Protein chains: 2
Amino acid sequence: MSYYSEPLSNLIKELQRLPGIGPKTAQRLAFFIIEGPAANGEKLARAISLAKTEIRFCKQCFNFASDDLCPICLNSKRDGSFICVVEDAKDIFAIEKTHHFNGLYHVLHGTISPIDGIGPEHLKITELIERVKGSPVKEVVIATNPNVEGEQTAMYISKLLKECKVKVSRIASGLPVGGDIEYADEVTLSRALDGRHEI
Amino acid sequence: MSYYSEPLSNLIKELQRLPGIGPKTAQRLAFFIIEGPAANGEKLARAISLAKTEIRFCKQCFNFASDDLCPICLNSKRDGSFICVVEDAKDIFAIEKTHHFNGLYHVLHGTISPIDGIGPEHLKITELIERVKGSPVKEVVIATNPNVEGEQTAMYISKLLKECKVKVSRIASGLPVGGDIEYADEVTLSRALDGRHEI
């Protein structure tokens with residue numbers, strides 16, 4: 001593509017590395033950046049650099065943090081007696097948006113998946129057990145995804161945690177709100193039946 | 001959003017300024033950047049900075065350039081006797097992709113639009129006339145968009161150019177390839193009929 005000047009074609013190339021950004025979108029974004037005020041481009045470039053250099057893992061829960069602890073672990077209003085175990089830091093933000101959980105988190109950074117060669121030793125499971133042993137935790141809510149790897153991981157962790165004499169729970173599986181019984185798959189529907197509760 | 005650490009929420013905010021990037025996509029891109037190799041983030045940041053600082057307008061055609069002249073004006077294989085006039089630098093890349101034009105370009109950077117307060121003096125029209133006068137141009141192809149402002153601008157420029165004794169042409173308007181006569185609007189269909197040619 002020799003008709004682009006070099007800094008432009010380089011910017012388009014770099015933008016195309018981002019997920020879901022194809023050549024057309026990359027070109028549109030590049031033109032937007034070039035045509036916009038210089039300050040905006042500089043701000044974006046600095047935000048990317050800073051995010052890469054300043055963000056590390058929270059020493060307690062392995063969420064993203066800019067200090068030793070993440071904003072959630074630092075927040076004194078959170079209830080330290082509940083720990084929600086998630087696969088990925090992104091899941092924290094999904095759960096936070098519900099405003100339905102006020103405890104702390106623990107990010108595993110993956111799930112046990114023998115087929116991909118990921119065993120328990122590759123995840124932050126030992127750190128979770130140590131953490132639970134050393135603090136007055138009442139309940140650990142396991143919120144790994146409701147798929148094969150997520151369930152396996154939840155089972156594995158719950159066995160280890162029960163030895164620590166702590167209550168372990170699993171998030172409910174069932175029909176999504178607004179869903180339709182007619183179109184639900186059998187596994188989800190069986191789960192919804194198993195998980196029925198009195199009203 | 002206090003549960004994001006500051007560099008992360010800042011990156012998400014900056015990414016959201018980009019066109020077509022909403023909160024969800026911005027979050028997805030930010031996580032991708034943070035989780036990817038440090039070198040990739042740094043490359044993207046540098047590409048943005050460089051694009052903003054190094055890219056200026058070509059002195060001859062007002063396309064984006066990193067030197068005084070853009071890669072197209074610098075290319076000795078291009079035919080300087082044809083100039084294609086476009087509204088926007090983006091249009092150049094659309095035309096280049098056809099591999100159907102080997103002349104040079106001239107970017108107006110807009111169209112005459114009295115309702116938006118944009119007159120001929122805000123566009124690179126004087127520069128076009130000067131350029132045509134001073135060089136052995138045989139034909140100027142006006143490739144502004146086929147809408148009211150584009151047509152007005154094309155008419156205005158063609159009047160001025162005719163005084164320079166140069167051939168002026170306008171890109172054809174008609175049915176798009178793969179289009180359907182049944183569903184074509186009246187104006188496009190009238191244009192297609194007016195522009196008919198012997199076979």
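In what follows, chains carry the letters A, B, and so on, assigned in the order in which the sequence lines appear, proteins first and then strands, with residues in each chain numbered from 1. Just so it is clear, the structure is predicted and the values come from calculations on it, not from any experiment.
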### Task
For this output row, return yes or no: ring centroids of B/Phe31 and A/Phe93 closer than 6.0 angstrom.
yes
### Residue selection (most heavy-atom pairs with chain B, distance under 4.5 Å) from A/Leu29, A/Leu74, A/Thr53, A/Asn40
A/Leu29
### Task
With the side chain counted from C-beta on, respond yes when B/Val140 and B/Val132 share a heavy-atom pair under 4.5 Å apart, and no when they do not.
yes
### Query
With respect to chain A, which residue among B/Gln27, B/Arg17, B/Glu42 yields the maximal number of heavy-atom pairs within a distance under 4.5 Å?
B/Arg17
### Query
Under the side chain to side chain contact (heavy atoms under 4.5 Å, CB included) criterion, do A/Ser158 and A/Ile142 qualify, and how do the steps go?
CA-CA 8 Å; A/Ser158 67; A/Ile142 304 182; 4.2 Å; yes
### Heavy-atom proximity to chain B below 4.5 Å, by part of A/Ile55
side chain
### Interchain contact, B/Asp88 with chain A, by part (heavy-atom threshold 4.5 Å)
side chain
### Best-contacting candidate, A/Lys43, A/Arg46, A/Glu54, A/Arg28, against chain B by heavy atom pairs under 4.5 angstrom
A/Lys43
### Message
So for B/Ala65, is it side chain, backbone, both, or neither that comes closer than 4.5 Å to the heavy atoms of chain A?
### Response
backbone
### Query
With distance as the sole test, does A/Arg170 use its side chain to make a donor-acceptor pair with the main-chain N or O of A/Thr144 at under 3.5 Å?
yes
### Message
Please classify the contact of A/Lys52 with chain B as side chain, backbone, both or neither, using a heavy-atom distance under 4.5 Å.
### Response
side chain
#### Entry: B/Lys90 vs A/Glu35 side-chain heavy atoms within contact, under 4.5 Å
yes
### Query
Using a cut-off of under 4.5 Å for heavy-atom pairs, which of A/Ile34, A/Ile21, A/Asn10 has the most such pairs with chain B?
A/Ile34
### Task
Let me know if B/Leu15 has heavy atoms under 4.5 Å from chain A in its side chain, its backbone, both or neither.
both
### Task
Any chance you could lay out the side chain to side chain contact (heavy atoms under 4.5 Å, CB included) test for B/Val166 and B/Lys138, step after step, and finish with the verdict?
CA-CA 6 Å; B/Val166 66; B/Lys138 281 188 210 151; 5.9 Å; no
### Task
Carefully, step by step, assess A/Leu175 and A/Leu189 under the rule side chain to side chain contact (heavy atoms under 4.5 Å, CB included).
CA-CA 7 Å; A/Leu175 288 183; A/Leu189 203 49; 4.3 Å; yes
### Task
Among A/Pro19, A/Ser49, A/Ala38, single out the residue with the greatest number of heavy-atom pairs under 4.5 Å to chain B.
A/Pro19
#### Entry: Which of B/Ser66, B/Cys70, B/Gly20 touches chain A most, by non-hydrogen pairs under 4.5 Å
B/Ser66
### Query
Top residue by heavy-atom pair count (under 4.5 Å) with chain A, among B/Asp67, B/Leu8, B/Thr25, B/Leu50?
B/Leu8
### Query
Is it true that B/Lys165 and B/Glu139 make a salt bridge, defined as a side-chain N closer than 4.0 Å to a carboxylate O?
no
